[in-house]
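Reading through the structure tokens given below for one structure.
In the text below, chain A, chain B and the rest are named by the order of the sequence lines, each starting its count at 1.
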Number of protein chains: 2
Amino acid sequence: MNVIENSPFTKKLSAFATLSEDELAVLERLHQRRRTFAAGSDLVHQGQPEQAAYILAAGWACSYKIQQEGTRQIVDFQIPGDFLGLRSVLLRTSDHSIEPIVEIEAAEVLADDLLEVFASTPRLAAAILWAASRDEAMVVEHLVGLGRRDADARMAHFLLELGARLALVGMGSKAGYTCPLTQYHLADALGLTAVHVNRVLRQLREAGLVTFRDGQVTFDNFDRLVALAEFDPGYLDQAGPILK
Amino acid sequence: MNVIENSPFTKKLSAFATLSEDELAVLERLHQRRRTFAAGSDLVHQGQPEQAAYILAAGWACSYKIQQEGTRQIVDFQIPGDFLGLRSVLLRTSDHSIEPIVEIEAAEVLADDLLEVFASTPRLAAAILWAASRDEAMVVEHLVGLGRRDADARMAHFLLELGARLALVGMGSKAGYTCPLTQYHLADALGLTAVHVNRVLRQLREAGLVTFRDGQVTFDNFDRLVALAEFDPGYLDQAGPILK
DNA sequence: CGCTTCATTGAACTCCTTCAAGGCTCGTGG
DNA sequence: CCACGAGCCTTGAAGGAGTTCAATGAAGCG
């Protein structure tokens, strides 16, 4: 029993495909170059060519874009087990910034390492691409929320989706989860102001649906929250990949 | 001189990599199975497992998601040269619907064809993935627009981006382009109502920035429109891919 | 102990929606 | 050939969801 089997990244990929001893060993090697980054210090900066990608081992990060006027839109949050900058390292381009929300621990993955993994263990490659595809589906769902959901449903959907993602790596359940985000983070992700985020959270709390307080999300009434958000987790748990 | 060199798909990929005779031949084969679809008839339906992908040869389509209440959010438009359902065919999942906006002509591409291309001509594969990555960057930019741009800037940005994409396949310029979208399409894409789209278009027209009328987009003052939209085409023309 | 960050609440305002009505164009059938 | 309906565009008036401005409190930290 190796420690690698308990890494969030392995947990996540295991949900996609049963991994062999060999594949676990490859994952072990990918986790070699451990680094830590302080909260708030940009990992990747908008427009900079990127040299490495990272597998997030502990802590939370977010990818975002800044507008000229200074407003910020958070595109996605990254939690343990998520890849940071996968696409950009393969394609030598980064159109957004990535910032650790708390101090994070991440394994650096160079482009060559990644290409080697793709060449040597295609099943692993498929699982990784699959995870990437799920991330993309989440971005699409996020877009739909910004375009066609009101603030309440948007918030509800967001908190539920985050819960589902955390559950996949053993960090959340239908009861709730620990969450280091501030109301400003929520505002920048949901396209709202922090003031309004506060009001929405109060409404949801007073309606007995969900409580966001002191870094803790508690689902007070999971089913009614799902109904309000029209939350359909179908886009999160997909069928098997095409490569065997 | 082969006809394949004039296909929009080839034009687009050529912007990413210079293609050899062999690669052009492979593209030729990909274009074999031509099919046409009538406007309005769903090509892919939300939730259905998808068997094939398509390369759009002529006409416009859009990918969208429908909410329970019936509201619709258009995620992206596809123009000639674009891939339809690339990710979903590789990963056997489709979380959105695709609808032709006008009658379209598309080449059907089976998963096996695609895998063969990826195995036999890696440079072509890289160019295709690269195009896919650009599409993803556009979705992200779309998300930013919905979250952090007001209706005017959103519309301006959208019309400019579409122009840049069309220019890549020789269907648009700084002067403008032909565009079969209705104001309802714009509304569903921009997260607005058709009524408000109409007002926004009027404002932009009366301000002498851009005219959207009778299926024709005319840039009346390109530079001021770019300024209003804070349009930075950086995310559209990327540096070269990592695979040579 | 002051400074910064985060959360909270009220009041005024505004951007966008909703509701409603009317116009234009084009294809279809009487 | 004209009537009629369907789809799209246009405009006004009223209402609402979310913003902006402003002020206060609580907690963490050097």
Write down the distance between [atom1] ([X]) and [atom2] ([N]), rounded to a whole number of angstrom.
X        : N      : atom1 : atom2 : value
A:Ile101 : C:dT5  : CD1   : C1'   : 15 Å
B:Asp188 : C:dC16 : CG    : C1'   : 16 Å
B:Leu204 : D:dT10 : CG    : P     : 13 Å
A:Leu190 : D:dG18 : CG    : C1'   : 13 Å
A:Asp150 : D:dG15 : CG    : P     : 21 Å
B:Arg199 : C:dA20 : CZ    : C1'   : 12 Å
A:Phe212 : C:dA7  : CZ    : P     : 7 Å
A:His196 : C:dT14 : NE2   : P     : 17 Å

| Any luck finding a side-chain donor-acceptor pair between A:Asp188 and A:Gln73 under 3.5 Å? | no

Give one of base, sugar-phosphate or nothing for [X], where a contact means two heavy atoms less than 4.0 Å apart.
X        : result
B:Ala151 : sugar-phosphate
A:Arg202 : sugar-phosphate
B:Gly40  : nothing
A:Arg154 : nothing
B:Gly191 : sugar-phosphate

Check the phosphate of [N] against [X], side-chain N and O only, distance under 4.0 Å to OP1 or OP2. Yes or no?
X        : N      : result
A:Thr193 : D:dT19 : yes
A:Asn198 : C:dA7  : no
B:Gln183 : D:dT10 : yes
A:Arg149 : D:dG18 : no

| task | Classify the angle between the aromatic ring planes of B:His185 and B:Phe77 as parallel (below 30°), tilted (30 to 60°) or perpendicular (above 60°). | result | perpendicular

| Is A:Arg213 side chain donor-acceptor paired with the C:dT8 base, going by distance under 3.5 Å alone? | no

| request: Determine whether any donor atom in the side chain of B:Arg148 lies under 3.5 Å from an acceptor atom in the base of D:dT19, or the reverse, and answer yes or no. | output: no

| Between B:Asp76 and B:Arg165, does at least one N-O distance fall below 4.0 Å, as a salt bridge requires? | yes

| request: Between D:dT10, C:dA7, C:dC16, spot the one nearest the side chain of B:Leu192, thanks. | output: C:dC16

| Can you tell which of C:dC6, D:dT11, D:dC21 lies closest to the side chain of A:Val195? | D:dC21

| Hey, what do you get for CG (A:Leu159) to CG (A:Leu225), rounding to the nearest 0.5 Å? | 7.0 Å

| Which distance, rounded to the nearest 0.5 Å, do you find between the CZ of B:Phe212 and the CZ of B:Arg205? | 11.0 Å

| field | Name of the residue among B:Arg35, B:Gln78, B:Glu105 meeting side chain to side chain contact (heavy atoms under 4.5 Å, CB included) with B:Tyr54 | value | B:Arg35

